[in-house]
Student: 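Pasting in a structure now, in structure tokens, and then I'll have a few things to ask.
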Protein chains: 2
Amino acid sequence: MTESNSSKSNPANPEKSGTTSEEVVLHLRGMVQRGELRPGDRLPPERNLAKSLGVSRPTLRAGIRSLAAVGVLQSRQGAGTFVVGADGPPSLDSSPLRLMAALHGFTTREMFEARQSIEMAMAGLAAERASGDQMASMAEELAGMYASLDEPEQYLVHDMRFHQSVAAASGNRILTALMNMVATILLDVRSKTVKRAKDLKESAEMHRQIYRAIRDRNPEAARDAMRDHLVLAQKAQESEEPDNDLTTRAEQNGDDASKSA
Amino acid sequence: MTESNSSKSNPANPEKSGTTSEEVVLHLRGMVQRGELRPGDRLPPERNLAKSLGVSRPTLRAGIRSLAAVGVLQSRQGAGTFVVGADGPPSLDSSPLRLMAALHGFTTREMFEARQSIEMAMAGLAAERASGDQMASMAEELAGMYASLDEPEQYLVHDMRFHQSVAAASGNRILTALMNMVATILLDVRSKTVKRAKDLKESAEMHRQIYRAIRDRNPEAARDAMRDHLVLAQKAQESEEPDNDLTTRAEQNGDDASKSA
DNA sequence: AATGAGAATTGGTGTTACCACTCCACGGTT
DNA sequence: AACCGTGGAGTGGTAACACCAATTCTCATT
């Protein structure tokens with residue numbers, strides 16, 4: 001059933017659900033889910049793969065692009081197409097959520113609330129499960145925050161990494177991925193907010209409370225501390241930028257890949 | 001190429017950042033976020049749009065496909081390409097999460113836990129905010145559940161819609177979308193689980209407790225009831241299918257569009 | 001043996017052509 | 001006059017070919 005000649009009807013698959021390129025997507029997804037393609041692997045060249053699947057190269061490329069758009073594949077000109085996902089913490093592309101926010105007019109209030117809900121849950125889980133290394137990672141970032149109270153940008157980095165550490169300690173990579181999705185969008189807004197030193201001190205203190213609660217294996221306290229922290233962060237945010245719509249927010253996101261702690 | 005001449009109508013962007021098709025994606029995203037394209041709108045025909053953007057049709061199609069893959073656009077042969085998102089409840093495509101689950105070997109335990117965390121938060125919010133209509137919607141589905149105790153498939157529909165109603169009552173569409181993402185994946189597994197009538201009765205009772213807690217404006221009780229419900233659901237699931245990996249789970253998902261209640 | 005130039009490989013884009021499907025209007029029938 | 005069938009025009013879907021750009025590898029030169 002390669003090409004077999006008559007390019008007209010597709011002999012092999014008459015009842016194919018959708019368009020040919022969709023079929024390609026399903027095929028590739030199947031290869032990934034079946035384990036034939038492992039993270040980091042390189043796909044066969046487009047020309048070969050197209051022939052082996054019995055489709056044209058543009059069609060194959062359409063399928064590849066669909067999977068690339070959702071972050072499963074990544075193509076590099078001259079090098080090849082690779083399966084991603086091996087290296088860093090699992091992370092879903094935030095573009096879909098961002099677009100949906102624009103389409104439906106989501107407010108930053110909802111964003112904060114979503115983030116708050118997820119991070120509270122993760123803080124509680126982290127308090128139950130965090131390993132020694134994970135505790136150390138959190139403490140390290142906490143120290144970094146205190147060490148950069150006069151350097152807002154640097155502080156923000158440690159802030160984010162602290163939350164990443166908590167997420168990792170929660171032991172739930174799905175919640176972690178979802179949190180990253182939401183947090184990435186909020187970051188665009190927050191990065192413009194130049195905090196005052198006093199706020200940073202206050203923020204660091206709240207993070208410290210979160211850490212202590214987790215260290216003490218107290219889920220409820222961890223949840224409360226995380227809630228207080230995010231509520232305060234939201235208030236600080238809102239005071240600087242009263243209107244919030246997310247609809248007309250221009251963004252220039254480079255999908256980052258911050259190393260995990 | 002358009003670089004060394006044709007100053008025709010290339011209003012787009014000379015500052016090449018990435019590949020041309022990426023630029024197309026950015027342009028279209030910008031149009032959506034800027035509000036020039038509203039949900040339900042039809043994009044200009046590919047041939048026209050390609051010309052107006054100064055790119056070839058395959059390149060334009062690549063960009064469109066990227067946005068279609070993340071659920072922002074939808075193309076219908078013979079009809080056109082449309083901006084989605086108008087009709088039903090906001091929902092993110094679950095394919096990315098599904099693929100990531102396969103790549104990273106996520107367990108159903110994590111899935112259940114993620115769902116539990118999100119739904120508990122939403123139950124709490126719903127208890128605080130649910131409107132009369134939303135209460136009625138929940139009650140309606142609850143009645144439907146009791147009415148179909150001997151019809152597992154029908155019961156499952158009402159079950160899902162009940163959770164949808166709770167999500168809607170939470171007033172947070174982002175959490176709703178995230179929950180749908182996770183729930184869709186779990187559904188594949190759950191749909192195969194044929195429950196016994198006794199389980200259904202028990203399940204309906206738990207849903208009723210959730211409803212009562214929300215109706216009584218008791219967030220803590222709502223959260224607890226939701227937690228108990230999902231914990232039980234998870235146990236029931238695990239008892240039927242002890243091994244869980246999600247990695248080699250074959251699925252045949254048609255991205256559905258269930259009408260909201 | 002190390003290094004740089006060139007060839008081979010591979011993805012990215014443009015062009016053209018044709019097919020399949022959908023929508024809408026026109027014309028005929030009832 | 002209302003209804004239904006049929007056609008055409010428009011639109012996305014696929015294919016084939018050619019060429020460009022970036023990467024990678026090979027091999028000859030130093």
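Note that this is a predicted model, so its numbers are computed, not measured. Labels below follow one simple rule: chain letters A, B, ... track the order of the sequence lines, proteins then strands, and each chain is numbered from 1.
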Student: Hey, is the side chain of A:Ser21 poking within less than 4.0 Å of OP1 or OP2 on D:dT14, counting only N and O atoms?
Tutor: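 Result: yes.
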Student: D:dG12 P sits how many Å from B:Ile64 CD1, rounded?
Tutor: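 Taking atom P of D:dG12 as the reference, CD1 of B:Ile64 is at 7 Å.
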Student: Quick one, A:Leu92 and B:Met100 - any side-chain contact, counting heavy atoms below 4.5 Å?
Tutor: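 A:Leu92 vs B:Met100: side chains touch.
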Student: Taking atom C1' of D:dG12 as reference, at what distance in whole Å does atom CG of B:Leu73 sit?
Tutor: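 After rounding, the gap between these two atoms is 13 Å.
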Student: Under 4.0 Å between a side-chain N/O of A:Thr20 and OP1 or OP2 of D:dT14, yes or no?
Tutor: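 Affirmative; the distance criterion is met.
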Student: In terms of side-chain heavy atoms of A:Arg76, which of D:dT24, C:dC23, D:dT11 is nearest?
Tutor: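 The answer is D:dT24, which lies nearest to the side chain.
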Student: Of all the nucleotides listed (C:dG12, C:dT13, D:dT14), which has the minimum atom distance to the side chain of A:Glu46?
Tutor: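 The answer is C:dG12, which lies nearest to the side chain.
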Student: Roughly, in whole Å, what's the span from CD in A:Gln74 to P in C:dG12?
Tutor: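 After rounding, the gap between these two atoms is 10 Å.
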Student: B:Arg42 or A:Gln77: which one's nearest nucleotide on DNA chain D is closer to the 5' end?
Tutor: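 Nearer the 5' end of the strand: B:Arg42.
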Student: How close or far is atom P of D:dA22 from atom CD of B:Glu22, stated in whole angstroms?
Tutor: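 After rounding, the reported distance stands at 14 Å.
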Student: Any donor-acceptor pair, under 3.5 Å, between the side chain of B:Arg57 and the base of C:dG14, if you only look at N and O atoms?
Tutor: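 Not at all, since no donor on one side and acceptor on the other fall under 3.5 Å apart.
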Student: Taking atom types as modelled, is there a side-chain donor on A:Ser131 or A:Gln134 under 3.5 Å from an acceptor on the other?
Tutor: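 There is such a pair (donor and acceptor under 3.5 Å, judged by atom type) between the side chains of A:Ser131 and A:Gln134.
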Student: Do A:Phe82 and A:Asp41 have side-chain heavy atoms sitting under 4.5 Å apart?
Tutor: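 No, side chains not in contact.
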Student: Establish, from distance only, whether the side-chain atoms of B:Ser170 and B:Asn172 form a donor-acceptor pair under 3.5 Å.
Tutor: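 No pair is found: no donor N or O on one side chain lies under 3.5 Å from an acceptor on the other.
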Student: Ignoring the backbone of A:Ser56, work out which of D:dA16, C:dG11, D:dT11 is nearest its side chain.
Tutor: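 When the side chain of A:Ser56 is considered, D:dA16 is the closest of D:dA16, C:dG11, D:dT11.
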Student: With distance as the sole criterion, do the side chain of A:Arg65 and the base of C:dG12 form a donor-acceptor contact below 3.5 Å?
Tutor: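 When only heavy-atom distances are counted, A:Arg65 does not reach the base of C:dG12 through any donor-acceptor pair under 3.5 Å.
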Student: What nucleotide among C:dT13, D:dT11, C:dG14 has an atom nearest to a side-chain atom of B:Pro58?
Tutor: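 Nearest nucleotide to the side chain: C:dG14.
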Student: Checking only heavy atoms, does the side chain of B:Arg47 share a donor-acceptor pair with the base of D:dG12 at less than 3.5 Å?
Tutor: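 Pair found.
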Student: Give the minimum heavy-atom separation between A:Leu67 and A:Arg29, together with the two atoms involved.
Tutor: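 That would be CD2-CG, 3.7 Å.
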Student: From CZ of B:Arg61 over to C1' of C:dT16, roughly how many Å is that when rounded to an integer?
Tutor: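 My rounded result for the distance is 15 Å.
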Student: Report the distance from atom NZ of B:Lys51 to atom P of C:dG14, rounded to the nearest whole Å.
Tutor: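 Taking NZ of B:Lys51 and P of C:dG14, I get 14 Å after rounding.
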Student: What is the separation between atom CG on B:Leu60 and atom P on C:dG14, rounded to the nearest whole Å?
Tutor: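 Going from B:Leu60 (CG) to C:dG14 (P), I get 10 Å.
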